[in-house]
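Note on naming: letters A, B, ... go to the chains in the order of the sequence lines (proteins, then strands), and numbering restarts at 1 for each one. Please read all numbers here as calculations on a predicted model, not as lab measurements.
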Amino acid sequence: MPELPEVETVRRGLAAQVVGRRIERVEVGRERVVRRTSRQALIDGLTGATVVAAGRRGKYLLCPLDTGDELMVHLRMSGRLLVAAAGQERPPHTHVVMHLAGLPAQELWFVDPRTFGEVVVFDPAHVAEQVPELARLGVDPIADGMTRAQFAALVRARSRQIKALLLDQHVITGIGNIYCDESLHLAGVRHDRASDRVTPREITKLHAAIMEVLSEAIESGGSTLADTQYVGVDGVAGWFQLHHRVYDRAGQRCLSCSKGNIVRVDFGGRGTHFCPRCQK
DNA sequence: AAACAAACCTGTGCGC
DNA sequence: TGCGCACAGGTTTGTT
């Protein structure tokens, strides 16, 4: 579910509501969500710790603790982080509950029906062994302020279909299926173009499109689709889905050329949406 | 190296 | 109404 804008929205919610608070008690339901370590490791790592910051790299949430350890949460497809009043009825698939000290009495929930997501506390001194994928993440367009030159170098470095390259978290981190399709459409570039044959002019447009789509999606609180799976920590839905021009609009009129119809095809196992008329 | 497919899970929406 | 199938925001692993 969540891509960079949704994860950034959650990060901001954590910064506002959780940073500075101590975790008094931790409950772990399904052990699968703490599979990288163990139920006990998460409880021991979090109990008594205060969250000192809320960070993000790509789709990874990274929260340093006053113990020197760091909390990492990845929402994957269906994960949610919610701040709720203490004692409030928990939704199905609430796998981790962190009881926050102070008033009002609140809890931070990790909810995840599909349990692809995970929660882990790790020691930053041993990040290479404990969360090795962090070191392999590519440039984060927003956090790193990806420049056109940086982007051009990445696109030109290899010959890959452009959508596959944009989705590769080792190259650029944070873009997922929705924002990939939206960016390619805004730039007028087809998903299956060879990256090393994208022209300098198109690279400029695509870079601008990525930055614009991600920024506007963040300002819109992300995209909440029909299943309303994704919401911020306060339970509030995003509204960028109202601005989608291709994603989930198969068969509908293209909002750019207003002549073509949006087509949906399978590309690398992902539903891919584009306008054959204005994307070349 | 790049392109696929499958795997990990549960829920929902659709056609019949 | 019920059933079965397709499909879903992500990432890793293994195979051509």
Side-chain angles (χ1 to χ4, degrees), chain A residues 1-11 29-36 56-61 72-81 91-95 110-120 131-138 140 154-184 191-198 213-214 217-218 220-232 237-244 246-251 264-273:
Chain A
M1 151 179 54
E3 306 179 26
L4 189 154
E6 289 76 31
V7 179
E8 175 62 17
T9 302
V10 171
R11 188 200 68 75
R30 280 192 69 170
E31 196 145 27
R32 191 176 135 74
V33 303
V34 294
R35 58 195 173 279
R36 192 181 299 239
R56 179 190 63 74
R57 261 204 84 69
K59 303 169 193 169
Y60 291 77
L61 283 163
M72 185 279 271
V73 178
H74 199 303
L75 304 173
R76 283 300 218 286
M77 294 286 268
S78 58
R80 299 157 74 172
L81 277 174
H93 309 292
T94 301
H95 305 305
F110 177 75
V111 180
D112 188 1
R114 296 175 73 179
T115 62
F116 288 173
E118 62 171 322
V119 182
V120 63
V131 197
E133 65 267 41
L134 286 180
R136 294 196 289 264
L137 292 180
D140 183 307
L154 293 169
V155 169
R156 286 288 174 79
R158 287 177 289 279
S159 180
R160 295 182 61 183
Q161 295 177 101
I162 189 69
K163 175 160 178 169
L165 184 140
L166 295 181
L167 287 178
D168 187 340
Q169 303 298 300
H170 308 299
V171 179
I172 297 171
T173 187
I175 298 175
N177 205 36
I178 295 176
Y179 300 106
C180 184
D181 284 4
E182 291 297 324
S183 298
L184 286 167
H191 55 92
D192 52 359
R193 287 275 300 284
S195 62
D196 60 346
R197 292 175 60 183
V198 175
V213 165
L214 293 178
I218 290 169
S220 304
S223 300
T224 298
L225 304 185
D227 60 12
T228 68
Q229 276 286 317
Y230 161 76
V231 289
W239 59 94
F240 192 72
Q241 67 281 1
L242 303 175
H243 300 291
H244 290 177
V246 284
Y247 187 83
D248 206 21
R249 291 196 65 246
R264 182 185 184 283
V265 297
D266 180 284
F267 176 83
R270 315 298 302 273
T272 295
H273 317 75

Across the strands shown, which category fits [X] at heavy-atom distances under 4.0 angstrom: base, sugar-phosphate, nothing?
{"X": "A/Y247", "result": "sugar-phosphate"}
{"X": "A/L167", "result": "nothing"}
{"X": "A/G176", "result": "sugar-phosphate"}
{"X": "A/R136", "result": "nothing"}
{"X": "A/G271", "result": "sugar-phosphate"}

Short side-chain N/O contact from [X] to OP1 or OP2 of [N], under 4.0 Å:
{"X": "A/H93", "N": "B/dG11", "result": "yes"}
{"X": "A/H74", "N": "C/dT11", "result": "yes"}
{"X": "A/R30", "N": "B/dT10", "result": "yes"}

Rounded to the nearest angstrom, tell me the gap between atom [atom1] in [X] and atom [atom2] in [N].
{"X": "A/E3", "N": "C/dA8", "atom1": "CD", "atom2": "P", "value": "13 Å"}
{"X": "A/E118", "N": "B/dC8", "atom1": "CD", "atom2": "C1'", "value": "12 Å"}
{"X": "A/R76", "N": "C/dT12", "atom1": "CZ", "atom2": "C1'", "value": "8 Å"}
{"X": "A/Q241", "N": "C/dA8", "atom1": "CD", "atom2": "C1'", "value": "16 Å"}
{"X": "A/K59", "N": "C/dG10", "atom1": "NZ", "atom2": "C1'", "value": "6 Å"}
{"X": "A/L134", "N": "C/dT12", "atom1": "CG", "atom2": "C1'", "value": "15 Å"}
{"X": "A/E31", "N": "B/dC9", "atom1": "CD", "atom2": "P", "value": "14 Å"}
{"X": "A/F267", "N": "B/dC4", "atom1": "CZ", "atom2": "P", "value": "7 Å"}

- Note on the structure: Mate of B/dC9 across any strand shown (Watson-Crick or G-U wobble, both atom pairs under 3.5 Å) is none
- Pair assignment for B/dA1, Watson-Crick or G-U wobble, requiring both distances under 3.5 Å: none
Report the nucleotide, chosen from [options], that has the shortest atom-to-atom distance to any side-chain atom of [X].
{"X": "A/R264", "options": "C/dT11, C/dC7, C/dG10", "value": "C/dC7"}
{"X": "A/F116", "options": "C/dA8, C/dT12, B/dC8", "value": "B/dC8"}
{"X": "A/R270", "options": "C/dT11, B/dT10, C/dA8", "value": "C/dT11"}

- Scan A/R57, A/R56, A/K59 and name whichever one has a salt bridge (charged side-chain N to carboxylate O under 4.0 Å, His left out) with A/E8. A/R56
[X] side chain to [Y] main-chain N or O, any donor-acceptor pair under 3.5 Å?
{"X": "A/R32", "Y": "A/V34", "value": "no"}
{"X": "A/R80", "Y": "A/Q229", "value": "yes"}
{"X": "A/D181", "Y": "A/H273", "value": "yes"}

- Message: Counting distance alone, no hydrogens or angles: does the base of B/dA2 have a donor or acceptor under 3.5 Å from a partner atom on the side chain of A/R158?
- Response: no
- Message: Please report the distance separating the P of C/dA6 from the corresponding atom of B/dA5, rounded so that it comes out in whole Å.
- Response: 15 Å
- Write down the distance separating the P atoms in C/dC3 and B/dC9, rounded off to the nearest Å. 25 Å
- Message: If the test is side-chain hydrogen bond (donor to acceptor under 3.5 Å, both in side chains), which one of A/R36, A/H95, A/H74 qualifies with A/E118?
- Response: A/R36
- Starting from the 5' end of DNA chain C, give me the residue, A/Y60 or A/H273, whose nearest nucleotide shows up first. A/H273
- In terms of ring plane angle, is the pair A/Y179 and A/F240 parallel, tilted or perpendicular, where the classes change at 30° and 60°? tilted
- Query: Say you draw a straight line from CG of A/L167 to CD1 of A/I162; how long is it, rounded to the nearest 0.5 Å?
  - Reply: 10.0 Å
- Could you say whether A/T115 or A/R160 is positioned toward the 5' end of DNA chain B, judged by the nucleotide with the nearest heavy atom to each? A/R160
- Name the residue closer to the 5' end of DNA chain B, choosing between A/Q161 and A/R32 according to the nucleotide with the nearest heavy atom. A/Q161
